[in-house]
Amino acid sequence: MDQLKKKRGKGVSVDIAGAVQQVMTEHVPTALSVTDLSEADWAIAKQRYDIIQPILTKEKKVFEVVLETGIGKTNLYRWLDKFDKTGCVSSLANEKKSGGRGQSRLSAEVESIIQSVIETKYLSRQKLRPKKIYLDVALKCREHGVDVPGYHTIWNRVNSIPMEIRLQRRFDPSIAKNKFKPLEGSFPGADYPLAVVQIDHTPVDIIVVDEVHRQPVGKPWITVAIDVYSRMVVGFYISLDPPGALGTGLCLSHAILPKDIWLAERNIEGQWPCHGLMRSIHMDNAREFHGRMLERACQEYGIEINFRPVATPNYGGHIERLMGTLMNEIHALPGTTFANTKERKYYDSEEKACFTIKELEVWLATYITGIYHNKLHKGIGTTPYSKYAEGIIGNKDQLGTGLARPINNTLKLKLDFMPYVERSVQVYGVSVDGICYYHDVLRKWVHTYENPNAKYKTLKKFMFKRDPRDISAIYFFDPELKDYFCIPYRNSAHPSITIWEHKRILRDLKEKGQKAINEERLFEAYAQLQRLEAAAANSKAIAKKLRNDTRKDESVKNSIKQSFNNEQQPTEPDTTFKYDPKVKYLPFDDLEHDPFNQNS
């Protein structure tokens with residue numbers, strides 16, 4: 001770090017994309033699935049992350065946390081090592097035990113004494129230390145004539161209590177609320193890149209056409225994320241579907257992952273170096289932002305969620321201004337609907353429409369990377385590109401943050417931000433909304449029980465990710481192999497459909513009085529709808545068919561299944577890079593190319 005400070009200043013060149021490729025990474029253990037842990041395990045993992053977070057942000061040193069919490073430095077270093085290697089909060093949860101390991105070997109009477117003392121003495125406003133709790137347990141055990149447990153046994157019981165509960169019982173509920181609830185009314189200072197990212201949706205003021213017949217199919221929606229520090233657009237997602245959990249998750253995964261390949265696939269010149277995990281995201285109170293999927297995914301990667309207070313639009317000013325800038329530029333495109341009907345009065349938007357969804361996506365990315373990022377922004381006094389570069393490299397007044405940590409398993413990250421369902425595994429596989437899925441990888445989990453020794457057994461439910469754009473497959477995270485597997489239709493003859501087509505079929509069947517869902521009947525209805533749409537005879541029906549076809553084509557082509565088929569399933573972490581934990585991702589000394597230098 002001292003050498004880094006000496007090297008900082010003008011003339012230091014950094015190739016963010018190239019540096020990531022030069023940094024070699026060591027073997028990194030795979031984290032648990034974001035949806036694989038129970039609520040209790042999540043509480044423990046989040047508690048440990050809260051303890052080590054001041055060390056990660058360099059606000060405190062290890063010995064200070066030891067003195068403050070009473071947790072041994074060995075445990076702290078072990079948690080730091082786990083988080084450093086995975087970057088996932090789930091890695092801090094207790095590892096699953098088998099057999100007798102991890103199970104209490106104490107008698108029921110001793111366990112009862114320990115729990116009673118912890119409940120009445122430790123979880124009270126007296127704030128007694130664990131040593132005093134141990135003495136009280138020892139006295140009670142001797143009074144009852146039972147063996148006294150060891151000090152570490154008592155400490156383990158105390159340490160397993162979630163920090164939120166400790167603060168509520170030992171101090172005050174308001175303290176726990178301030179620490180663990182999302183910030184309301186403000187967000188942490190955006191004083192470095194990706195400290196705060198704002199995200200929002202809006203309809204795009206333009207009519208798009210289908211790719212085959214070039215006929216109008218309607219107005220799309222866009223979800224955009226902006227880095228408040230630099231005003232850089234860190235990611236976006238455009239679709240004909242209205243805002244929802246899918247668009248939010250895809251926008252965030254686009255923001256987090258590197259964009260070099262994404263730009264190359266669309267033949268877009270220019271650089272878009274911003275990527276990496278943000279510290280916090282700031283959103284309004286729309287329903288799609290309050291989903292369980294988004295909450296767990298953000299917890300998994302240590303991202304804070306902050307909601308905008310009701311009736312305070314000023315808290316979303318940065319993203320609102322960005323949306324306005326983008327719409328003003330789109331108003332100059334053929335097929336625009338302008339901002340209101342008055343402006344559109346003498347303009348035939350559908351007649352002039354010529355952009356497809358894909359072409360509009362390319363246009364937006366080109367404008368963002370080529371113009372918006374390199375244009376003077378009055379709010380920051382420089383260009384977003386230069387401001388972001390300054391935050392990464394640093395200057396004479398501010399130390400740069402350096403390179404973002406590379407994501408080892410990009411496919412896992414994409415799936416973590418996808419919607420999920422919970423299902424038990426049966427002999428026929430898994431049934432989701434009347435459709436059966438099966439793969440041999442499910443065989444060992446058939447009729448797995450939550451507690452096999454319980455008197456009344458309940459089947460264990462597993463998390464299955466589902467991409468609404470193509471529900472011909474779901475994605476199962478194997479808790480032993482710690483990897484995702486693609487689970488296709490049990491009947492492979494069925495065609496791929498979207499979740500929106502599936503809902504429409506179910507609605508039609510219900511209107512016909514067919515309440516029981518039958519898979520064969522469902523796909524027969526789908527085939528009948530396809531035949532009816534193909535025989536559409538009037539312009540309104542043709543327009544509806546074009547919209548549905550365009551929506552489906554765009555959905556299936558961009559679905560996670562295509563990525564899953566194109567990418568090798570990572571049974572082990574990618575070893576292309578050799579990551580050295582001693583290097584803090586600031587390797588600026590040997591770099592020759594600077595993506596922020598327009599003359600290099």
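The structure displayed is predicted, hence computed values, not measured ones.
Annotation: the span from C298 atom SG to I305 atom CD1 amounts to 4.0 Å, rounded to 0.5 Å. Distance CD/E390 to CD1/I380: 9.5 Å, rounded to 0.5 Å. Residue L194 holds its CG atom at 7.5 Å from OG of S230, rounded to the nearest 0.5 Å. To the nearest 0.5 Å, atom CG of residue L56 and atom CD1 of residue I51 are 12.0 Å apart. Going from atom CG of D284 over to atom CZ of F307 covers 9.0 Å, rounded to the nearest 0.5 Å. I256 contributes atom CD1, which lies 12.0 Å from atom NZ of K414 (distance to the nearest 0.5 angstrom).
In this structure, the side chains of N409 and L411 come closer than 4.5 Å at one or more pairs of heavy atoms. Residues I44 and L92 fail the side-chain proximity criterion, which asks for heavy atoms closer than 4.5 Å. Side-chain contact between P468 and T498: absent, with no pair of heavy atoms (C-beta onward) separated by less than 4.5 Å. No side-chain heavy atom of D478 sits less than 4.5 Å from a side-chain heavy atom of D483. Within the 4.5 Å cutoff, no side-chain heavy atoms of Y237 are placed close to those of I222. The side-chain heavy atoms of I71 and V65, taken from C-beta on, include no pair separated by under 4.5 Å. For the pair T202/M323, a side-chain contact is recorded, criterion being any heavy-atom separation below 4.5 Å from C-beta on. Counting heavy atoms from C-beta on, the side chains of C88 and Y301 come closer than 4.5 Å.
T325 places a side-chain N or O within 3.5 Å of a backbone atom of R321 that can act as its donor or acceptor partner. A donor-acceptor contact shorter than 3.5 Å links the side chain of H275 to the backbone of P273. Formation of a donor-acceptor pair under 3.5 Å by the Q398 side chain with backbone atoms of D191 is found in this model. Counting only distance, with no hydrogens or angles, the side chain of Q198 and the backbone of I319 share a donor-acceptor pair below 3.5 Å. Looking only at distances, a side-chain donor or acceptor of T57 sits under 3.5 Å from a matching main-chain atom of Q53. Checking side-chain atoms of W272 against main-chain N and O of V233 turns up a donor-acceptor pair under 3.5 Å.
The residue from I281, I226, V228 that alone fulfils the side-chain contact (heavy atoms from CB on, under 4.5 Å) condition with V196 is V228. Screening R466, M293, R469 for a side-chain contact (heavy atoms from CB on, under 4.5 Å) involving M418 leaves a single residue, R469. The only member of T336, D205, T337 that meets side chain to side chain donor-acceptor pair (under 3.5 Å) when paired with H331 is D205.
Taking H377 as the reference, nothing meets the ring pair (Phe, Tyr, Trp, His ring centres under 6.0 Å) condition, with sequence neighbours excluded. Y192 is linked by a ring pair (Phe, Tyr, Trp, His ring centres under 6.0 Å) to nothing, counting only residues two or more places apart in sequence or in another chain.
Comment: K46 does not engage D50 in a salt bridge, judged by the lack of any side-chain N to carboxylate O separation of less than 4.0 angstrom. Of the charged side-chain nitrogens involved, none lies within less than 4.0 Å of a carboxylate oxygen, so that D227 and R231 do not count as a salt-bridged pair. Salt-bridge check for K259 with E265: failed, with every basic side-chain N at 4.0 Å or more from each acidic carboxylate O. By the 4.0 Å N-to-carboxylate-O rule, R266 lies close enough to E361 to be salt-bridged with it. Using a cutoff of 4.0 Å between basic side-chain nitrogens and carboxylate oxygens, D84 and R405 are scored as salt-bridged.
For F477 and Y484, the ring centers are positioned less than 6.0 Å apart. In this structure, Y475 has its ring center at least 6.0 angstrom away from the ring center of F464. The aromatic ring centres of F476 and F485 sit 6.0 Å or more apart.
Under the 30°/60° scheme for interplanar angles, the aromatic rings of W262 and H254 are found to be tilted.
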Without placing hydrogens or testing angles, list every side-chain donor-acceptor pair under 3.5 Å for residues 363-371, not counting sequence neighbours.
| residue | atom | partner | partner atom | Å |
| --- | --- | --- | --- | --- |
| T366 | OG1 | V362 | O | 2.8 |
| T369 | OG1 | A365 | O | 2.8 |

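Enclosure of atom CD in E59 by more than 12 non-hydrogen atoms of other residues, nucleotides or ligands within 6.0 angstrom is indicated. Within a 6.0 Å sphere centred on CG of L376, heavy atoms belonging to other residues, nucleotides or ligands number more than 12.
Side-chain atoms of T223 and H201 include a donor-acceptor pair closer than 3.5 Å. No hydrogens or angles considered: nothing links the side chains of Y372 and E329 as a donor-acceptor pair under 3.5 Å.
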Residues K61, E64; criterion salt bridge (Lys or Arg N to Asp or Glu O under 4.0 Å); working and verdict | CA-CA 5 Å; K61 297 185 180 299; E64 294 176 330; over 6 Å; no

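Judged by a 6.0 Å distance limit and a 45° cone about the ring axis, K387 is positioned over the six-membered ring of Y229.
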